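These notes concern the structure reproduced below.
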Amino acid sequence: MGRWGKFDFTEFKNLAKSIQNVLDSNIINDFIKDFLLEMAFRAERKIKRRTPVGQYPAESGMVGGLLRRGWEVGEVKRIANGYEVEIFNNTEYAPYVEYGHRQEVGRYVPAIGKRLKKPWVEGRFMMTISMQEIERELPIYLERRMTRLMKDILNGRTPRR
């Protein structure tokens, strides 16, 4: 007959305690909200960089940049089967710049001091393109954040933001 050795279960107990603490707290909920907010702000930065700024004649007294300054990130909200965060622009003409629009050829526009020449202005798709980029990058950022979260949990630390 062989001898039975001793086994120290302290590490397993500490791990189980850490996992139970995570389950009992809002750590996962907070993690998801923080991650979504980070991604929304990354998207907003990309969208703003792509948003055109109007160029007006000096004598018009108009200054460009209203559309670019209009981008905002809302709060992360819990919905029926997940979470959502809204990135929006309340500037009245934002959809026309995003998707394109028709215009009346020959009409004089005092703000720019010119007559319109083209019947269709192509969209800039600043939001569409930026969101596609974020969707491609998202797995990389998520993996980094999850790895950091797991390390913190396994080491018995309160996960950092």
Side-chain angles (χ1 to χ4, degrees), residues 19 22-155 157-161:
I19 292 171
V22 168
L23 294 174
D24 291 344
S25 70
N26 277 332
I27 290 174
I28 301 301
N29 197 28
D30 291 345
F31 172 83
I32 293 169
K33 285 182 173 183
D34 289 345
F35 180 73
L36 287 177
L37 206 53
E38 177 189 339
M39 291 295 99
F41 282 118
R42 285 179 184 277
E44 180 194 36
R45 280 193 302 275
K46 288 176 178 286
I47 294 165
K48 281 184 174 184
R49 268 182 279 167
R50 282 194 172 85
T51 301
V53 174
Q55 303 294 318
Y56 301 99
E59 61 272 7
S60 74
M62 296 177 70
V63 179
L66 178 67
L67 183 63
R68 184 176 283 183
R69 289 188 304 272
W71 291 107
E72 295 181 49
V73 173
E75 293 180 25
V76 177
K77 295 178 184 173
R78 185 154 192 162
I79 57 173
N81 58 348
Y83 296 84
E84 72 179 9
V85 61
E86 188 177 27
I87 303 169
F88 59 94
N89 192 320
N90 286 330
T91 308
E92 156 183 347
Y93 54 88
Y96 302 105
V97 177
E98 176 73 13
Y99 300 112
H101 59 91
R102 286 188 230 182
Q103 59 186 15
E104 186 182 327
V105 175
R107 185 172 68 108
Y108 180 74
V109 180
I112 60 174
K114 297 180 182 176
R115 292 195 177 279
L116 302 176
K117 293 182 168 77
K118 297 188 281 181
W120 177 257
V121 176
E122 286 296 322
R124 300 300 286 267
F125 301 102
M126 57 267 182
M127 184 172 210
T128 303
I129 293 167
S130 298
M131 294 310 294
Q132 289 169 347
E133 282 182 5
I134 287 292
E135 285 178 22
R136 283 193 304 269
E137 297 167 359
L138 193 132
I140 296 162
Y141 291 117
L142 182 59
E143 184 178 347
R144 277 189 213 150
R145 291 281 299 264
M146 285 181 64
T147 300
R148 196 168 73 198
L149 175 70
M150 290 308 296
K151 281 182 182 177
D152 287 345
I153 290 169
L154 293 175
N155 290 323
R157 293 190 302 256
T158 303
R160 56 187 187 257
R161 292 184 177 205

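Everything numeric in this text was worked out from a predicted model, so none of it was measured.
- Taken from CG in Asp34 to CD1 in Ile27, the straight-line distance is 11.5 Å, to the nearest 0.5 Å.
- In this structure the side chain of Phe35 never reaches within 4.5 angstrom of the side chain of Met146, judged on heavy atoms.
- What you find for Ile87 and Ala40 is that their closest heavy atoms are CD1-O, 3.7 Å.
- Considering only heavy atoms from C-beta on, Ile129 stays 4.5 Å or farther from Ile47 through its side chain.
- Each side chain to side chain donor-acceptor pair (under 3.5 Å) pair with one or both residues in residues 92-110, not counting sequence neighbours, appears once here: Glu98-Thr128.
- With values rounded to the nearest 0.5 angstrom, Asp30 atom CG is found 12.0 Å from Leu37 atom CG.
- Of all heavy-atom pairs between Gly65 and Val53, the closest is N-CG1, 3.4 Å.
- Taking both residues in full, the closest heavy atoms of Leu36 and Tyr83 are given as CD1-CB, 3.4 Å, listed atom of the first, atom of the second, then distance.
- Atom-to-atom distance recorded for Leu149:CG and Thr147:OG1 is 9.5 Å, nearest 0.5 angstrom.
- Looking at Glu44 and Arg49, their side chains never come closer than 4.5 Å, going by heavy atoms from C-beta outward.
- Ion pair Glu137/Lys46 flagged as a salt bridge, since at least one NZ, NE, NH1 or NH2 atom sits closer than 4.0 Å to an Asp/Glu carboxylate oxygen.
- Leu138 places a side-chain heavy atom less than 4.5 Å from the side chain of Met39.
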- Query: salt bridge (Lys or Arg N to Asp or Glu O under 4.0 Å) between Arg50 and Glu133: does it pass, once the steps are laid out?
  - Reply: CA-CA 12 Å; Arg50 282 194 172 85; Glu133 282 182 5; 2.5 Å; yes
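- Between Glu75 atom CD and Glu86 atom CD the span is 11.0 Å, to the nearest 0.5 Å.
- Nearest approach of Val97 to Met126, heavy atoms of both residues: CG1-CE, 3.8 Å.
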- Query: Given the rule in the salt bridge (Lys or Arg N to Asp or Glu O under 4.0 Å) test, do Arg145 and Glu38 qualify, once you have shown the distances and angles that lead to the verdict?
  - Reply: CA-CA 11 Å; Arg145 291 281 299 264; Glu38 177 189 339; 2.2 Å; yes
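- Across Lys118 and Val105, no two heavy atoms sit closer than the pair C-CG2, 3.7 Å.
- In this model, no donor atom of one side chain and acceptor atom of the other lie less than 3.5 Å apart for Thr51 and Arg124.
- Closest approach of Thr91 to Leu66, counting heavy atoms only: OG1-O, 3.9 Å.
- Judged by distance alone, with hydrogens and angles left aside, the side-chain atoms of Asn89 form a donor-acceptor pair with the main-chain N or O of Leu67 at under 3.5 Å.
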